[in-house]
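Reviewing the structure listed below.
Each ligand, and each atom within it, is numbered from 1 in the order the structure gives. As the structure is a prediction and not an experimental result, all values here were calculated from the model.
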Amino acid sequence: MPTIHNPDLRRALAERLRYYNELGIYDFYRRSQPRASNLAMAEPDRDEPAPPPQPEQREEMPRKSAVIAKPASEHVFPVLRPKPEQNVADPVAALKLVREDLGECTRCKLHKQGRKQIVFGVGNPQADLMFVGEGPGADEDAQGEPFVGRAGQLLNNMIKAMGLRREEVYIANVVKCRPPGNRTPERDECDTCSPFLMRQIAVIKPKVIVALGAVAAKNLLAINAPMAELRGRFYDFMPTGARSNDPCWQGAKLAVTYHPAFLLRDPRQKGEAWKDLQMVMKYLGLKLAGKQE
Ligand code: SF4
């Protein structure tokens, strides 16, 4: 495939391909020659007489010799490369492949800003419920597991209040390395890291994802709105650029609630967070402990 040098054209093409991927279209074919009619349209001022009318040329279904479009460069079309976990039915093995692909990642600047280790995610690889935060803090960085500090303790209590155990859900973050000083992860860091989160989601195939806090919500939903507008409803969610190997999984419902660290700072909002979790419980058919029908 010829290399495209014009950066605007490359960007536009990448956007268009991403759009097709989101529609579930992954394989692309290229015509080997432009059609005569297209050439005639491209050069209307030539003095030569117009060629005699041709019978309609139908585009044939691709044969074995058809050229399958390949990425012009790794950077421009990353979503087109088949992922190693695709077609791996066992979610444990598939998540392992995603983790191996992540490797000792240096893809964004967070790798050189004091991280001790990558915090990939933890929990049940077949969980119905998944929690997504924004990024690891100091405790998580030290232990290599998301939500293990004070905020993690509160998240555990929230999970318990839903009648579940931490081991039954899956917990991950938008970025997998600790931002220095617990700052908010920056846009480029989220954009670089979140494809791995999307792949985790595509493997786990949860029924519901709860975005913890505005950063997680905005990154997952690509919506820039205040928490008051984001909360209180479900969104249909399909991980961008990642293909599930299960045709029966049509994506997850996504709900937004407050980040546990925010609830530690402002405990008055715990009631609001509980309303969000009750909405999720209702959808998942979870009952309050001790409550009879
Ligand atoms: S935050 Fe993500 S993309 Fe950035 S270095 Fe860590 S693992 Fe890689």
Side-chain angles (χ1 to χ4, degrees), residues 11 14-15 18 21-22 71 73-86 88 91-123 125 130-149 151-152 155 170-204 206 209-222 224 237 239-243 254 259-261:
R11 246 191 313 278
E15 279 307 310
R18 242 177 241 121
N21 287 172
E22 283 164 20
S73 85
E74 263 193 16
H75 184 68
V76 177
F77 303 132
V79 290
L80 289 182
R81 281 179 291 133
K83 306 293 186 283
E85 73 278 12
Q86 279 169 8
V88 175
V92 176
L95 279 180
K96 196 159 168 265
L97 289 171
V98 179
R99 179 63 188 91
E100 282 171 12
D101 199 18
L102 185 64
E104 275 310 297
C105 183
T106 57
R107 292 172 179 84
C108 86
K109 60 184 180 294
L110 286 179
H111 83 277
K112 54 182 179 186
Q113 296 190 347
R115 81 164 182 215
K116 288 198 176 73
Q117 56 190 313
I118 290 172
V119 181
F120 183 65
V122 71
M130 187 164 171
F131 289 92
V132 176
E134 63 180 61
D139 294 316
E140 290 75 18
D141 184 47
Q143 295 185 41
E145 188 172 321
F147 286 93
V148 289
L155 178 62
Y170 195 90
I171 307 170
N173 284 306
V174 174
V175 295
K176 306 200 181 302
C177 299
R178 182 194 180 197
N182 286 351
R183 68 159 167 77
T184 302
E186 291 170 2
R187 175 71 185 269
D188 60 312
E189 296 157 358
C190 293
D191 287 351
T192 308
C193 203
S194 61
F196 289 92
L197 172 65
M198 298 297 167
R199 289 167 62 183
Q200 287 171 290
I201 294 170
V203 168
I204 295 163
I209 297 168
V210 176
L212 297 167
V215 173
K218 289 174 187 178
N219 272 283
L220 287 166
L221 294 170
N224 200 7
F237 179 81
T240 316
R243 238 190 322 187
L254 191 146
H259 194 287

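No side-chain heavy atom of V132 sits under 4.5 Å from any side-chain heavy atom of L212. Taking 4.5 Å as the limit, some side-chain heavy atom of P185 sits within range of a side-chain heavy atom of V215. At a threshold of 4.5 Å between non-hydrogen side-chain atoms, the residues R199 and Q86 do not count as touching.
A ring-centre distance under 6.0 Å is found for H259 and F147.
Below 4.0 Å from some heavy atom of R115 lie the following atoms of ligand 1, by number and element: 5 (S), 6 (Fe).
If you look at atom 2 (Fe) of ligand 1, the protein N, O or S atoms less than 2.8 Å from it are C193 SG.
Expressed to the nearest 0.5 Å, how far CG of N219 lies from OG of S194 amounts to 6.0 Å.
R178 has no carboxylate O lying under 4.0 Å from a charged side-chain N of E140, or vice versa, which leaves the two without a salt bridge.
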